[in-house]
Trainee: 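Just passing along the structure, written as structure tokens.
Atoms within each ligand, like the ligands themselves, are counted from 1 in listed order.
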Amino acid sequence: MLNQLTISELVSKLAKREVSARAAMQACLEQVQRADPKIQAFISYDAEDALAQADAVDKEVAAGGTHAQRPLLGVPIAVKDVISVKGQPLNCGSKILGKFISPYDATVIQKLKAAGAVIFGRLNMDEFAMGSSTENSGFQITRNPWDTERTPGGSSGGSAAAVASDQCIAALGSDTGGSIRQPAALCGCVGLKPSYGRVSRYGLVAFASSLDQIGCVTKEVWDAATVLEVLSGVDHRDSTSVPQPVPHYAANLTGDIKGLKLGLAKEYMVGGLDPEVKEAIDAAVKQLEKLGAEIVEVSLPHTDYAVATYYIIATAEASANLARFDGIRYGLRVEGADPIQLYSKTRGTGFGAEVKRRIILGTYVLSSGYYDAYYLRAQKVRTLIRNDFLKAFEKVDAIVTPTSPTAAFKIGEKADDPLQMYLMDIFTISANLAGLCGISVPCGFTRAPKLPIGLQLLGKPFGEETILRVAHAYEQSTDWRKEKPPG
Ligand code: GLN
């Protein structure tokens with residue numbers, strides 16, 4: 001079952017020519033056919049194109065191509081529907097893009113292709129990445145492979161569900177407030193959000209430009225390190241990407257974390273946290289101590305304001321970014337008697353309820369008279385939140401938290417209560433507000449039903465090496481990654 005392999009396992013088989021890239025791609029496609037009628041992770045996929053890419057890899061390997069030159073040669077990677085892949089549909093989980101086809105590759109796709117990956121499929125998501133359950137998709141509801149009555153989390157729910165059910169070897173997602181880490185936690189995968197500026201956003205459809213980052217969902221930490229190394233680096237097409245050298249992330253996964261200081265934020269272990277999640281996190285912290293890390297209490301005093309701050313800044317930026325979907329330039333057009341009518345009919349028809357709610361909120365907080373009271377104040381609080389973290393990182397190398405306050409919740413359970421849904425982001429959004437990196441790694445299960453729990457490690461801006469090292473040491477000292485969802 002080649003589709004069940006991790007990147008490292010598959011690459012080693014491909015490099016020894018024990019298997020072909022075509023066979024690996026074929027195994028994933030067969031699993032999509034088997035599992036996806038139920039899971040609904042893919043909005044679409046182009047099997048012919050995927051197999052043609054795999055065949056090209058096999059030719060290259062036959063001609064002497066190696067993984068030393070191209071580290072992801074022959075690895076099938078699926079992509080969240082918010083990242084442009086030339087010639088493939090780009091819908092952002094929304095009806096407003098109609099039959100839009102990407103005219104170019106995002107920088108991350110160019111880089112994955114240069115590394116030899118086989119890019120396939122469009123993964124379901126909350127419309128424009130707004131949500132925590134993938135229920136806001138304009139296409140379909142993705143189901144959690146561990147319990148199909150439950151959501152996979154969101155907004156990269158398609159990415160996490162596809163990886164967890166072995167429909168691909170790894171997937172790309174985007175994270176504006178937790179959208180990679182939270183679904184990874186709820187589906188039992190590894191989810192990595194790089195620091196702001198680590199990875200180019202060129203070709204990522206913008207939700208909230210000052211918070212968005214592209215990252216990956218994988219089966220193991222080594223895989224995340226390898227994909228991150230490929231994705232990272234400055235890009236002249238994204239002026240917010242930072243010219244920091246890219247480390248050889250996977251080489252630093254030594255398993256040794258002796259002497260590292262890990263922070264526990266007292267503000268994070270409070271009400272609303274599910275007792276079974278708390279138990280799993282406590283046990284993980286003990287395990288980290290056993291591995292030689294020193295646990296230090298830290299304080300993040302502005303934690304209480306993070307959700308409110310995020311939902312002001314994110315909606316403000318979204319309202320501006322989504323103005324481009326006007327019925328003239330992209331996708332869907334609903335005709336009207338004049339341009340204004342065309343514009344409002346198109347947006348009225350094309351956008352779903354959550355996107356409209358956010359545009360209205362965002363427009364409100366930016367409007368004259370309210371700008372100072374909401375948007376400007378939120379920006380100031382954002383600085384306070386960032387400073388809390390920078391201060392904590394003077395004492396510790398990384399911060400340990402739960403990824404999500406609960407395990408996967410039922411489909412429909414929070415769908416009518418946006419505030420409840422927004423609170424699911426409590427542990428993840430601060431990282432985006434502060435520009436930090438974060439990773440979620442499996443750390444156990446609830447008992448009945450058996451649902452995955454995620455441990456989050458937050459690192460300093462450009463501190464990916466450290467959080468990867470800690471996550472890897474923890475992962476390799478436990479057996480959680482070996483558990484597979486039923487079916
Ligand atoms: N759940 C958060 C939101 O709805 C985060 C989404 C994201 O990271 N894209 O905005």
Trainee: Does Tyr422 have Lys414 sitting over its ring (NZ/CZ under 6.0 Å from centre, angle to axis within 45°)?
Mentor: no

Trainee: Could you work out, with salt bridge (charged side-chain N to carboxylate O under 4.0 Å, His left out) as the rule, every residue matching Arg357, not counting sequence neighbours?
Mentor: Glu354

Trainee: Looking only at atom types and distance, does a side-chain atom of Asn91 sit under 3.5 Å from a main-chain N or O of Asp81, one as donor and one as acceptor?
Mentor: no

Trainee: Does the structure place the NZ or CZ of Lys356 under 6.0 Å from the centre of the six-membered ring of Phe351, at an angle of no more than 45° from the ring's axis?
Mentor: no

Trainee: According to the side chain to side chain donor-acceptor pair (under 3.5 Å) rule, which pairs have a member within residues 366-377, sequence neighbours left out?
Mentor: Tyr375-Gln379

Trainee: Show every donor-acceptor pair shorter than 3.5 Å between a side-chain atom in residues 313-323 and any protein atom, with sequence neighbours excluded, or say none if there are none.
Mentor:
residue	atom	partner	partner atom	Å
Thr315	OG1	Tyr311	O	2.6
Thr315	OG1	Ile312	O	3.1
Glu317	OE1	Ser209	N	2.8
Glu317	OE1	Ser210	N	2.8
Glu317	OE1	Ser210	OG	3.3
Glu317	OE2	Ser210	OG	2.6
Ser319	OG	Ala316	O	2.8
Asn321	ND2	Phe207	O	3.0
Asn321	ND2	Ser209	OG	3.0
Asn321	ND2	Glu317	O	3.4

Trainee: With hydrogens left out, which residues have an atom under 4.0 Å from ligand 1, given that only heavy atoms count?
Mentor: Ala129, Met130, Gly131, Ser132, Ser155, Asp175, Thr176, Gly177, Gly178, Ser179, Phe207, Tyr310, Tyr311, Arg358, Asp425

